[in-house]
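Data first, discussion second: the structure below is written as structure tokens.
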Amino acid sequence: MAQRATADLILPSDLLPRDGRFGCGPSKVRPQALAALAATGSSYLGTSHRQPPVRDMVARLRRGLTTLLQAPQGYEVLLGNGGASLFWDAATLSLIERRSQHLVFGEFSQKFWAAAQAAPHLEPPERIETEPGRHPLPRPTTAVDVFALTQNETSTGVVMPIRRPDADGLVVVDATSAAGAVPIDLAEVDVYYFSLQKGFAANGGLYVAICSPRAIERIETIHRGGRWIPGSLSLQLALENARLEQTVNTPALATLFLAVHQLEWMLDEGGLDFAARRSAANAAIVYGWAEAAAYATPFVSDPAMRSPVVATVDLDPSVPARTVSQVLRRNGIVDTDAYRKLGRNQLRLGLFPAVQPDDCRLLVAAIDHVVARIT
Ligand SMILES: *Cc1c(COP(=O)(O)O)cnc(C)c1O
């Protein structure tokens, strides 16, 4: 009965968001950015990354990020191919001297720990763990030279405050889903790294790493120390190229363009305050609905740990979340599925600044509509 009802469940048009993309990465690209990219015609895509059209785009990205995130004096913006996942490998070679400490509270934070654990030139990393749905806190110690933190665990929808532990190690923060959407004080951070397909509403492919003078010194010291570092993973080479508004090898030009468009839109609208307020407004709508609906509960029980960019919502066992996501998808509301490895009866909703609060209101109304008809 429920099966038959779902196959042809059509949502009324007044419940359809104007834009149905609620994924956690790749996330919604603003149509204005795509139109602007198309409008460049033959002047940008398909031209040399060693010439002004592309180098100027790199310069705008580096300058714009410095402004948006209010980077303190002396911080530098590095970038390169490979996204945040590649950056973990680069960090094991160019940032960790001997030993790192990792806060593990989901898939992404676990992966950086695993990269450090597997590196033969490093001592086994410290691992401080909590069950999914919460976050641990760093333990100040002189036994590590890098503290690996994750501002927003995208797999579970947990956000954590970023404060420098009372110790000398570099504070290296995975901000892939937080950057440009969650407030940050970069004085508390030595390396703030992220990909561009989440808060910056671009495409995958590139990583950005905003580095403090201490982090730059570390990169240079390890480089001079003679450790073998493949060129594609060398942050020293990335640094030298970034200073020339370039990358070690050909960057993803569309990603650069879309990220700069999003970044300059945020700056025009009021900067990080504006962007963070947009995500917070989206989150208030979604968590408010999840707390009120009889069949839904926010997965993250501590409100302070609830992510403003990735909302994870558990559904009652009588409401199969996969079916809900499938029906939504057939109606053009996409990527509401839970993170697969978490294995919960859950919806996971991307609420990045590009997503409009009006669309979030329609999204939760659409979910209510679907649930009322499949149960
Ligand atoms: C998406 C994500 C990554 C991986 O980004 P890629 O660009 O796919 O390498 C890493 N960390 C976090 C927190 C993420 O959300």
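Note that ligands are numbered from 1 as they come in the structure, with each ligand's atoms numbered from 1 the same way.
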Item to check | Glu153 to ligand 1, any heavy atom closer than 4.0 Å | outcome: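 The answer is no: ligand 1 sits nowhere under 4.0 Å from a heavy atom of Glu153.
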Next on the checklist: Taking only non-hydrogen atoms of Gln151, do any sit less than 4.0 angstrom from ligand 1?
Outcome noted: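 The answer is no: ligand 1 sits nowhere under 4.0 Å from a heavy atom of Gln151.
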Item to check | Within 45° cone and under 6.0 Å: Arg306 NZ/CZ vs Tyr287 ring | outcome: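 Satisfied, under 6.0 Å and within 45°.
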Checklist entry - Do the numbers put Lys198 on top of the ring of Phe108, so that NZ or CZ is under 6.0 Å from the six-membered ring centre and no more than 45° off the axis? => result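 Yes, a cation-pi geometry.
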[atom]: which of [options] has the nearest heavy atom?
atom: atom 9 (O) of ligand 1; options: Ser27, Ser85, Gly83; answer: Ser85
atom: atom 12 (C) of ligand 1; options: Asn152, Asp174, Leu206; answer: Asp174
atom: atom 15 (O) of ligand 1; options: Leu196, Thr154, Val310; answer: Thr154

Checklist entry - Looking only at N/O atoms, are Trp88 and ligand 1 under 3.5 Å apart anywhere? => result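 No.
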Item to check | Under 3.5 Å: donor-acceptor pair, side chain of Asp190, backbone of Ser212 | outcome: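 Between the backbone of Ser212 and the side chain of Asp190 there is no qualifying donor-acceptor contact (under 3.5 Å).
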Which residue and atom name correspond to the protein heavy atom nearest [atom], and how close is it?
atom: atom 8 (O) of ligand 1; result: Gln197 NE2, 3.7 Å
atom: atom 14 (C) of ligand 1; result: Lys198 NZ, 3.0 Å
atom: atom 5 (O) of ligand 1; result: Ser195 OG, 3.5 Å

Checklist entry - Atom OG of Ser27 and atom CZ of Phe352: how far apart are they, to the nearest 0.5 Å? => result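 It comes to 5.0 Å.
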Checklist entry - With a 4.0 Å cut-off, would you call Asp145 and Arg218 a salt bridge? => result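 Answer for the salt bridge query: yes.
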Next on the checklist: Salt bridge or not between Arg243 and Glu76? Use side-chain N to carboxylate O under 4.0 Å.
Outcome noted: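 Judged by the 4.0 Å cut-off on N to carboxylate O distance, Arg243 and Glu76 do form a salt bridge.
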Item to check | salt bridge (Lys or Arg N to Asp or Glu O under 4.0 Å) partner of Glu245, chosen from Arg50, Arg55, Arg62, Arg63 | outcome: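 One option only clears the test, and that one is Arg62.
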